[in-house]
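Numbered from 1 within each chain, the chains take letters A, B, ... in sequence-line order. None of the values given here were measured: they were computed from a predicted structure.
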2 protein chains.
Amino acid sequence: MPTPAPAKDPADTSLRKQVYDSLREALTAGRFAPGQKVTFRYVAGALGVSLTPVREALRRLVAEGAFEMHPNRSVRVPLMTRNKVMELRDMRMALEGLAAGKAALLATRDQIAGIRRAAREIIAARSRGDSITDRQKVREFHFALYAAAGQPMLLRVIEGLWLQTGPYMNLLYPDFISSPRGPAGRVKIIEALQARDAASARREIENDIRRALSYVADLADEAGNIAPARPTAGKRRRNTPTGTTAFELQAH
Amino acid sequence: MPTPAPAKDPADTSLRKQVYDSLREALTAGRFAPGQKVTFRYVAGALGVSLTPVREALRRLVAEGAFEMHPNRSVRVPLMTRNKVMELRDMRMALEGLAAGKAALLATRDQIAGIRRAAREIIAARSRGDSITDRQKVREFHFALYAAAGQPMLLRVIEGLWLQTGPYMNLLYPDFISSPRGPAGRVKIIEALQARDAASARREIENDIRRALSYVADLADEAGNIAPARPTAGKRRRNTPTGTTAFELQAH
DNA sequence: CCTCCGGATTTGTGATCACAAAAATGCATT
DNA sequence: AATGCATTTTTGTGATCACAAATCCGGAGG
């Protein structure tokens, strides 16, 4: 039973961790609107826990940049301006390029096989228009690659950057993924791994990230407004749980 | 009055922030021994606050990698192995090189002046053997440079990496800083800024970090894994606590 | 209709309590 | 003296309470 989530620490059953995972999952799944205010008591109510674990989970996500806390001490989902996306793009190019280069030098046969399998599953999902598993497998492909670099601290930082870009990667669908060069880049990466060609692996990853994030950046204007859905102009009266975007809770 | 500390959010007077700053400062000042256990109640007692703000501050530092939490749910100061230092070295080279390159393209005349001033103060402090202000000014030099890149998210990540390497940078003193190429590198960086030469600025920063962190990495086996460690020896567990370094509190 | 101001409500912060897991301690047995 | 086991102490976790700052809301005055 391969769980899609990294499941980094299966032994941690603390409520704090559960809240953290729930929020993180909801964030990457785009279940929070950019700019939306998130109160401690709302999350606590939605998940049926007290404030204590919610505070710690939310604060950690703030420290990781997944949420941001304003001087008015209110927590919101960050708005992405074009400049911010470009900044994340450059950081990701630098670090994921570094990881890909290391991976090319160190990847075992089994690891390469896993990466190739993820690449195949991306093509399969994409061919049948399943954008959900598409995104999931893209993530799997990348992190299987970076894990092969054998640098856990680097992996953590990269995960943090993905968490920040996560909500906005939905914007790549369905238009961007129709681009012809998508699969070709991954093929080249796998070839680079087999050839132990670090420079090539690095270059291909950098190109991949540059293309995708530049595309996203062009969709974000300076105000942080993004094309799809969410007019958001209208004021919300009370943040009754029905008014805001659903943060579907799993009962406890 | 330029306060040496970044003072990112002067308005935040919460106890949590104060505890966070105290711990961070104590950590970079080397007032915690690597591997030392840090309990919530100890910190709370030392600073005269309740557990609540301590928990949140410590957890944030764990999220940032400044401390690490073991599966036994005990918080400790991380031990740096040689591999970890090398990993941090490569990450810092990538990100700080990126920042330096951007800074070369964007730095204003005033910003360059500030960077040059920090460089002069490094030389002054070093010539009179004042390693405390030496380190402080080195930090100032680097972050003035990176701030000129105008990329706040990048700056945050770099700060996180410095926080992790911080306790071990004491190892550079007093031997390493006698190395002849130290001042020359900074001169070249400033020249690169004036010439708007991004590639050169990047290369010089990378060289600087490579030299310093490689030096630390070679010491890490002894410093990180505690002195004894006969390669063939058996258990020899008990990392003699070195008498619990003082975490000097400021009363409240 | 807009602005400003008052109180009522919401919301983050910090302290305290109760509890369970983990570590430390003491004691008896071999 | 060394080892196994039960007890006590320490320590992290989560819930709850009290409080102050921020926000919201409605009405008076322009």
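Salt-bridge formation is not detected for the pair D12(B)/R73(A): no Lys NZ or Arg NE/NH1/NH2 atom is positioned less than 4.0 Å from an Asp or Glu carboxylate oxygen.
When the side-chain nitrogen and oxygen atoms of S50(A) are compared with OP1 and OP2 of dA15(D), one or more of them lie within a distance under 4.0 Å. Taking side-chain N and O atoms only, N72(B) has no distance below 4.0 Å to OP1 or OP2 of dA21(C).
Map K37(B) and R55(B) each onto its nearest nucleotide of DNA chain C; the residue landing nearer the 5' end is R55(B). The nearest heavy atom of DNA chain D to P53(A) and to V75(B) marks one nucleotide each, and the one closer to the 5' end goes with V75(B).
Rounded to whole Å, atom P of dT11(C) lies 13 Å from atom CG of L58(A). The nearest whole Å value for the distance from the NE2 atom in H70(A) to the P atom in dT13(C) is 14 Å. The CZ atom of F40(A) sits 15 Å away from the P atom of dT23(D) (whole-angstrom rounding). For the pair R59(A) CZ and dT11(C) C1', the computed distance is 12 Å after rounding to whole Å. Between L51(B) atom CG and dG12(D) atom P there is a gap of 8 Å when expressed in whole angstrom units. Per the geometry, CG belonging to L15(A) stands 8 Å off C1' belonging to dT13(D), to the nearest Å. Distance CZ (R76(B)) to C1' (dA22(C)): 13 Å, rounded to an integer number of Å. Between Q18(B) atom CD and dT13(C) atom C1' the separation is 12 Å, expressed in whole Å.
Looking only at distances, no side-chain donor or acceptor of E64(B) sits under 3.5 Å from a matching main-chain atom of L163(B).
One N or O donor and one acceptor, one from the side chain of R41(B) and one from the base of dG12(D), sit under 3.5 Å apart.
Geometric assessment of R60(A) against the ring of Y20(A) yields a positive cation-pi assignment under the 6.0 Å and 45° thresholds.
Residue T39(B) is classed as a sugar-phosphate contact, given heavy-atom separations below 4.0 Å to backbone atoms only. Using a 4.0 Å heavy-atom cutoff across all strands shown, S14(B) reaches sugar-phosphate atoms only and no base atom. Using a 4.0 Å heavy-atom cutoff across all strands shown, R16(A) reaches sugar-phosphate atoms only and no base atom.
Interatomic distance, CD of E87(A) versus CG of L161(A), reported as 10.5 Å (0.5 Å rounding).
Listed candidates were dT16(C), dG12(D), dG12(C). Nearest to the side chain of R73(B) is dG12(D).
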Acceptor/donor pairs from residues 51-59 of chain A side chains to any protein atom, 3.5 angstrom cut, sequence neighbours excluded:
from   : atom 1 : to     : atom 2 : distance (Å)
R55(A) : NE     : E56(B) : OE2    : 3.4
E56(A) : OE1    : R16(A) : NE     : 3.0
E56(A) : OE1    : R59(B) : NE     : 3.0
E56(A) : OE2    : R55(B) : NE     : 3.4
R59(A) : NE     : E56(B) : OE1    : 3.0

